[in-house]
Number of protein chains: 2
Amino acid sequence: MEMPNAVAALSALAHPGRLEVFRLLVRAGAEGVAAGEIARATGSLPNTLSTNLGILAAAGLVAARREGRSIIYTAGYDRMRELLAFLVEDCCGGRPEICAPLAAVASAGCDAEARSC
Amino acid sequence: MEMPNAVAALSALAHPGRLEVFRLLVRAGAEGVAAGEIARATGSLPNTLSTNLGILAAAGLVAARREGRSIIYTAGYDRMRELLAFLVEDCCGGRPEICAPLAAVASAGCDAEARSC
DNA sequence: TCTATATTTCGAGAAACATAGAATCGTCAA
DNA sequence: TTGACGATTCTATGTTTCTCGAAATATAGA
């Protein structure tokens, strides 16, 4: 991940409403949540929520798919992982005892090996 | 970590200059880097850098200590870990195969057990 | 087609943020 | 005490972001 993308992702999350939405979607998992339901759960106006979802989507932190009249949003786990990895990159210059738990997230995708970690 | 603290931390990082400084300090480790050296490394004006370091410090992402005439800044690894944990809290609602590598960072501090992870 | 539902886009005013010049504070050495 | 150096604080200006009302778009069903 490059600096501008990281800043965009962090800026997207640096907002109470958007952070709440993102965490809701992280908890929701792969099925996702409809925009209207997010609005109800967070108590935000539809237009404001739509703007914020657009910002999250532009940063790659959420993805949208249409289902009938609803638009379902899901968390972008891959982008999230990239962001966390970017934040702790080259941590501690060779002193893993400080940030091993941070670096763990920087490792490759969620495969069977990682699951036992 | 609570929402306002998380937003403050993310806002602090959502800025190219501050993000660069923070990553520099993450790489530098526990010894830290003097403000002047940071300014030289990042090409920022002393007053602008000072403001940005103050914002990072207020968010708990960096700590400062004086050494003679210099002020040495170090990354706040604990706060960083709290932030990452907050972001992936309750991830996937019971589907660890999606976000086990994310959750790894959410686990407790950097003790001997975690090091082997 | 007509209507209702779901969501997005547009526009404007208010608030917050970023930057840099100038002045100030703290430390060290002579 | 004086001067030099490192860093911060103050202040002003320009830019960006946030929010909400109003209007527009898209889909589904009668």
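In the text below, chain A, chain B and the rest are named by the order of the sequence lines, each starting its count at 1. Reckoned from all heavy atoms, side chains included, excluding hydrogens, waters and symmetry mates.
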When A/Arg69 and A/Thr48 are each assigned the nearest nucleotide of DNA chain C, the 5'-most assignment goes to A/Arg69

message = Check this for me: does any side-chain nitrogen of one of A/Glu37 and A/Arg40 sit under 4.0 Å from a carboxylate oxygen of the other?
response = no

Separation of C/dA18 atom P from B/Leu13 atom CG, nearest Å, is 12 Å

Taken to the nearest whole Å, CG/B/Asn47 to C1'/D/dC10 is 11 Å

Is the shortest side-chain N/O distance from B/Ser70 to OP1 or OP2 of D/dA7 below 4.0 Å? yes

Subject >> salt bridge (Lys or Arg N to Asp or Glu O under 4.0 Å) assessment of A/Glu67 paired with A/Arg65 >> reply: CA-CA 7 Å; A/Glu67 259 181 33; A/Arg65 69 174 193 274; 3.1 Å; yes

Atom CG of A/Leu45 and atom P of C/dT9 are separated, to the nearest Å, by 17 Å

Rounded to the nearest 0.5 Å, the CG atom of B/Leu61 sits from the CG atom of B/Leu13 at a distance of 5.0 Å

Rounded to whole Å, the CG-P distance (B/Leu49 to D/dG6) equals 14 Å

Whole-Å distance, A/Asn52 CG to D/dT17 P, equals 13 Å

Between CZ of B/Arg65 and P of D/dT8 the distance, given in whole Å, is 14 Å

Side-chain heavy-atom pair B/Leu87, A/Leu84 within 4.5 angstrom cut-off: yes

Rounded to whole Å, CD of B/Glu37 lies from C1' of D/dG6 at a distance of 13 Å

Comparing nearest nucleotides in DNA chain C, the 5'-proximal residue of the pair B/Ile55, A/Gly36 is A/Gly36

Would you indicate whether the side-chain heavy atoms of A/Leu10 and B/Leu19 approach each other to under 4.5 Å? yes

Here the distance between atom P of C/dC25 and atom CD1 of B/Ile71, to the nearest Å, is 15 Å

I want to check one thing: is the phosphate of C/dT19, taken as OP1 and OP2, less than 4.0 Å away from some side-chain N or O of B/His15? yes

Of the candidates D/dT27, D/dT8, D/dG21, the side chain of A/Arg66 sits closest to D/dT27

Which of C/dA18, D/dT8, D/dC18 is nearest the side chain of B/Tyr73? It is D/dT8

Please work out if A/Ala39 contacts a base, only the sugar-phosphate, or nothing of the nucleic acid, heavy-atom cut-off 4.0 Å. nothing

With sugar-phosphate meaning primed atoms plus P, OP1 and OP2, does B/Arg18 contact a base, only sugar-phosphate, or nothing at under 4.0 Å between heavy atoms?
-> sugar-phosphate

